[in-house]
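Proteins get letters first, then strands, A, B, ... in listed order; numbering begins at 1 in each.
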2 protein chains.
Amino acid sequence: MANIREVAKQAGVSVATVSRVLNHPESVSATTMELVLATMEKMQYTPNGFARSLALNRSSTIALLIPNILNPLYPQIAKGVEDVAHQKGYNILLCNTEENKEKERDYLDMLIEKRVGGFILTSSQLENKDLQKIKNQNVPFVMVGRNIEDIDANMVFTDYYMGAYQITQHLIEVGYSKIAHITGSLNQIENLEKRRGYEKALEEAGISLQSQYIVEGNNEIEGGYLGAKKLLKSKEKPQAIFAANDLMAIGAIDAIKSSGLHIPEDVAIVGFDDITMAALIEPKLTTISQPVYKMGLIAARLLFESIENGQQEDGFQQKIFLQPKLKVRKSCGHENRVREIFN
Amino acid sequence: MANIREVAKQAGVSVATVSRVLNHPESVSATTMELVLATMEKMQYTPNGFARSLALNRSSTIALLIPNILNPLYPQIAKGVEDVAHQKGYNILLCNTEENKEKERDYLDMLIEKRVGGFILTSSQLENKDLQKIKNQNVPFVMVGRNIEDIDANMVFTDYYMGAYQITQHLIEVGYSKIAHITGSLNQIENLEKRRGYEKALEEAGISLQSQYIVEGNNEIEGGYLGAKKLLKSKEKPQAIFAANDLMAIGAIDAIKSSGLHIPEDVAIVGFDDITMAALIEPKLTTISQPVYKMGLIAARLLFESIENGQQEDGFQQKIFLQPKLKVRKSCGHENRVREIFN
DNA sequence: AAGTAATATGTAATGGGTTACATCAGGGGG
DNA sequence: CCCCCTGATGTAACCCATTACATATTACTT
């Protein structure tokens with residue numbers, strides 16, 4: 001593969017001139033320009049990105065860490081990030097951490113070594129000392145979907161606590177009192193937040209918590225399925241189930257249907273996330289919508305702001321707080337109950 | 001950020017020794033080893049990936065190009081690729097081409113410049129001259145999901161023609177004759193293949209093609225929705241619809257239901273891909289399953305084989321052909337019809 | 001015609017690693 | 001006691017681009 005020196009020699013100019021053709025075309029005469037471009041074309045020259053990055057000390061690559069690419073939530077975030085990154089001429093290194101803290105750390109080290117321009121960490125499980133490592137290397141990063149109090153970092157997230165509180169409250173308003181919760185992986189802080197919201201709503205309504213009504217899922221369809229099966233076996237079957245994400249809600253719906261029960265008549269079910277499928281399954285799923293695509297966009301914009309202005313000093317970091325929104329559909333039985341009330 | 005020279009000076013050794021600690025630990029004495037590692041730790045030294053890649057002329061990064069990350073098919077492929085790549089210590093550059101040939105080309109150029117170790121191109125729209133460009137740069141690549149005859153390249157794909165043929169034939173066997181087809185984007189070769197399979201099955205059954213029964217979709221839910229709406233308006237409503245992918249089938253189901261019709265009694269519907277949702281929507285979708293995760297795995301393995309053995313000579317390339325599989329569920333009305341036949 | 005500014009181009013240092021080759025110290029053999 | 005081999009380490013060239021600074025050329029002033 002030809003390099004800049006060979007091109008220069010072939011074209012009878014210096015390497016500086018060749019480099020200028022690519023980087024500062026305005027400073028090269030028209031004839032030289034043409035000659036060099038023709039030579040490049042002829043020799044199939046492609047500048048070496050490593051050498052360029054080394055010389056410039058920047059990379060036009062950012063990293064996106066997500067816990068599970070198979071959860072449709074994350075491709076949406078990725079899309080938001082990609083849209084911004086591509087427009088800026090950046091590429092994205094995709095890292096699927098599988099909700100595994102060790103894998104996430106491994107990736108972190110690889111990426112720091114690769115000198116990525118910045119990180120977007122979604123639902124990260126990293127600890128402060130890991131984040132501090134990134135800060136020490138002075139690489140900008142943005143946290144998505146997780147709020148950490150004790151480190152100064154760019155963040156964009158929705159209020160999981162509030163979302164969970166709202167949807168649980170909605171179930172209570174509709175008339176249920178035996179409300180179960182299938183949690184997400186409890187090593188993710190956001191799932192603890194959701195559980196807290198659920199508990200708060202029950203508490204405020206004077207409904208006492210029942211430990212057998214809280215089961216831990218794994219954020220995936222299967223976890224919802226198993227969780228629901230387990231709940232249906234409890235001696236007092238719950239009237240409604242709040243799954244900590246839509247994927248689990250879908251699994252739960254499958255479990256309930258396959259037990260011959262009807263939704264929402266026998267058991268109501270609600271989710272969290274509002275993935276595309278939520279509005280398409282039967283019954284349509286009541287859920288909490290978070291503007292995920294937008295979160296990706298915003299996260300990427302924040303990141304590029306840091307990259308471009310290099311302002312990593314503490315206090316300049318932004319925390320962007322988006323409001324979740326309740327989407328009432330059929331699965332929670334809202335309409336039926338309302339009808340009962342009116343009749 | 002400290003560099004290798006500073007570490008060497010601080011530790012009182014040469015840069016070669018520091019480098020050896022990282023790359024050839026067996027050739028360094030235990031005491032020196034310890035000293036150097038401690039110094040690195042103290043100085044928070046992280047080797048510069050650019051410099052290393054430049055010196056070694058390789059990058060431990062591969063690129064994955066996909067047409068649409070929001071289509072759940074592609075995250076599955078990505079997962080397969082990622083699983084292999086991570087095991088090999090590689091990172092993945094994710095490029096979402098949005099089914100846009102220009103964007104795909106742009107990415108190609110960026111990636112060649114970045115000196116990625118290889119490409120995985122899924123449902124690529126690139127032309128031979130583009131692929132030739134990659135070959136000229138001697139970068140290994142694997143095509144996924146698309147069969148190109150006239151270039152010698154690693155490929156892994158399922159037989160779209162056969163899959164479409166099978167599922168159309170199945171609809172015919174069940175008893176339908178007015179069978180419509182919502183195609184995928186017709187600038188993707190695989191969708192032409194699918195249409196060809198559909199036409200072949202009809203032709204063999206002696207059913208004449210009706211142009212109003214073929215509408216072009218866009219591979220997305222929305223395209224299926226619009227396509228179905230259009231088909232339902234035709235003067236002779238089709239009895240069955242074959243959507244070229246599950247996403248469009250799901251959109252079509254939504255359209256049919258919202259028109260107050262029943263599936264499969266009024267209109268049967270089948271898809272292609274067997275995404276997770278296919279088995280979860282109501283009615284469960286009859287579709288063609290392709291082993292996507294496995295395709296990702298295989299593609300990645302092929303790619304690493306090329307990367308490691310460097311064998312880019314023509315004739316060494318493999319074409320791996322996977323068989324699609326018909327999954328009969330409820331949406332095609334198979335069971336009902338069978339019952340009719342037996343009664 | 002000399003001086004100066006503007007334009008175009010070249011030279012060489014620089015970025016931070018890797019590694020072939022050179023060197024040196026210590027152990028073993030004779 | 002000397003030589004050779006081995007293992008450990010150092011020196012310096014190399015990977016390939018970018019760019020500050022130096023130089024050369026042309027054009028314009030007065």
Side-chain angles (χ1 to χ4, degrees), chain A residues 1-37 39-40 43-61 89 109-117 137-139, chain B residues 1-37 39-40 43-61 109-110 112-117 137-139:
Chain A
M1 231 183 280
N3 66 28
I4 199 171
R5 258 156 268 266
E6 298 175 56
V7 173
K9 184 191 278 185
Q10 180 80 25
V13 298
S14 74
V15 294
T17 301
V18 177
S19 175
R20 276 188 282 251
V21 165
L22 293 168
N23 301 294
H24 309 281
E26 74 288 353
S27 72
V28 181
S29 75
T31 42
T32 311
M33 183 86 183
E34 205 173 328
L35 168 68
V36 172
L37 285 175
T39 312
M40 284 178 174
M43 301 180 75
Q44 298 206 56
Y45 169 70
T46 313
N48 183 313
F50 300 140
R52 163 176 271 180
S53 291
L54 178 57
L56 295 175
N57 193 32
R58 63 189 165 73
S59 73
S60 72
T61 302
D109 289 334
M110 290 176 78
L111 295 166
I112 289 178
E113 177 158 341
K114 284 228 164 87
R115 299 293 196 267
V116 295
Q137 301 282 345
N138 210 36
V139 189
Chain B
M1 232 182 281
N3 66 27
I4 198 172
R5 263 157 261 265
E6 299 175 56
V7 174
K9 183 190 279 183
Q10 180 79 26
V13 298
S14 73
V15 294
T17 300
V18 177
S19 176
R20 275 189 283 251
V21 166
L22 293 169
N23 301 296
H24 309 280
E26 74 288 354
S27 71
V28 180
S29 76
T31 41
T32 311
M33 184 85 182
E34 204 173 328
L35 167 68
V36 172
L37 285 176
T39 312
M40 285 180 173
M43 302 180 74
Q44 299 206 53
Y45 169 71
T46 314
N48 183 313
F50 301 141
R52 163 177 270 183
S53 291
L54 179 58
L56 295 175
N57 194 34
R58 66 191 161 72
S59 71
S60 72
T61 302
D109 289 333
M110 290 176 80
I112 290 177
E113 178 159 341
K114 285 228 163 88
R115 298 294 195 267
V116 294
Q137 302 281 346
N138 210 38
V139 189

All N/O pairs under 3.5 Å across the protein-nucleotides 5-9 of chain C interface:
unit_1, atom_1, unit_2, atom_2, d
dT9(C), OP1, Ser29(A), OG, 3.2
dT9(C), OP1, Thr32(A), OG1, 2.3
dT9(C), OP2, Ser29(A), N, 3.1
dT9(C), OP2, Ser29(A), OG, 3.3
dT9(C), OP2, Thr32(A), OG1, 3.2

Using a 4.0 Å cut-off to any heavy atom of chain B, which nucleotides of DNA chain D are the first and last in contact, reading 5' to 3'?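 Here the contact window of chain B covers dA8(D) to dC16(D).
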Over all heavy atoms of both residues, which pair between [X] and [Y] is shortest? Give the atoms and the distance, please.
{"X": "Glu6(A)", "Y": "Met1(A)", "answer": "OE2-O, 4.2 Å"}
{"X": "Leu22(B)", "Y": "Tyr45(B)", "answer": "CD1-CE2, 4.0 Å"}
{"X": "Val7(B)", "Y": "Thr39(B)", "answer": "O-CG2, 3.9 Å"}
{"X": "Arg52(B)", "Y": "Glu113(A)", "answer": "NH1-OE2, 2.8 Å"}
{"X": "Pro47(B)", "Y": "Arg115(A)", "answer": "O-NH1, 3.2 Å"}
{"X": "Val21(B)", "Y": "Val28(B)", "answer": "N-CG2, 4.0 Å"}

Closest-nucleotide ordering on DNA chain C, the 5'-leading residue of Ala16(B) and Phe50(B):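 Going by which nucleotide is closer to the 5' end, it is Phe50(B).
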Gap between atoms [atom1] and [atom2], on [X] and [N] respectively (whole Å):
{"X": "Asn23(B)", "N": "dA20(C)", "atom1": "CG", "atom2": "C1'", "result": "15 Å"}
{"X": "Leu54(B)", "N": "dT18(C)", "atom1": "CG", "atom2": "P", "result": "11 Å"}
{"X": "Ile4(A)", "N": "dA12(C)", "atom1": "CD1", "atom2": "P", "result": "17 Å"}
{"X": "Asn48(A)", "N": "dG16(C)", "atom1": "CG", "atom2": "C1'", "result": "14 Å"}
{"X": "Lys9(A)", "N": "dG10(C)", "atom1": "NZ", "atom2": "P", "result": "15 Å"}
{"X": "Leu22(B)", "N": "dG16(C)", "atom1": "CG", "atom2": "P", "result": "16 Å"}
{"X": "His24(B)", "N": "dA20(C)", "atom1": "NE2", "atom2": "C1'", "result": "11 Å"}

Checking side chain to side chain donor-acceptor pair (under 3.5 Å) against Lys114(A), which of Ser60(B), Ser53(B), Ser59(B) comes through?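 Of all the options given, the one that passes is Ser60(B).
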Categorize Asn3(A) for me: base, sugar-phosphate, or nothing, with a 4.0 angstrom heavy-atom threshold over every strand shown.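 Counting heavy atoms under 4.0 Å across all strands, the contact made by Asn3(A) is with sugar-phosphate only.
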What verdict does the side chain to side chain contact (heavy atoms under 4.5 Å, CB included) test give for Arg20(B) and Val36(B), after you've listed the backbone C-alpha separation in whole Å, the side-chain angles of each residue and the deciding distance to 0.1 Å? CA-CA 10 Å; Arg20(B) 275 189 283 251; Val36(B) 172; over 6 Å; no
Quick one: the side chain of Arg52(B) and the base of dG16(C), do they pair up donor-acceptor inside 3.5 Å?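 Per atom types, no contact qualifies.
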Verdict with reasoning, Asn48(B) to Leu54(A), per side chain to side chain contact (heavy atoms under 4.5 Å, CB included): CA-CA 8 Å; Asn48(B) 183 313; Leu54(A) 178 57; 4.3 Å; yes
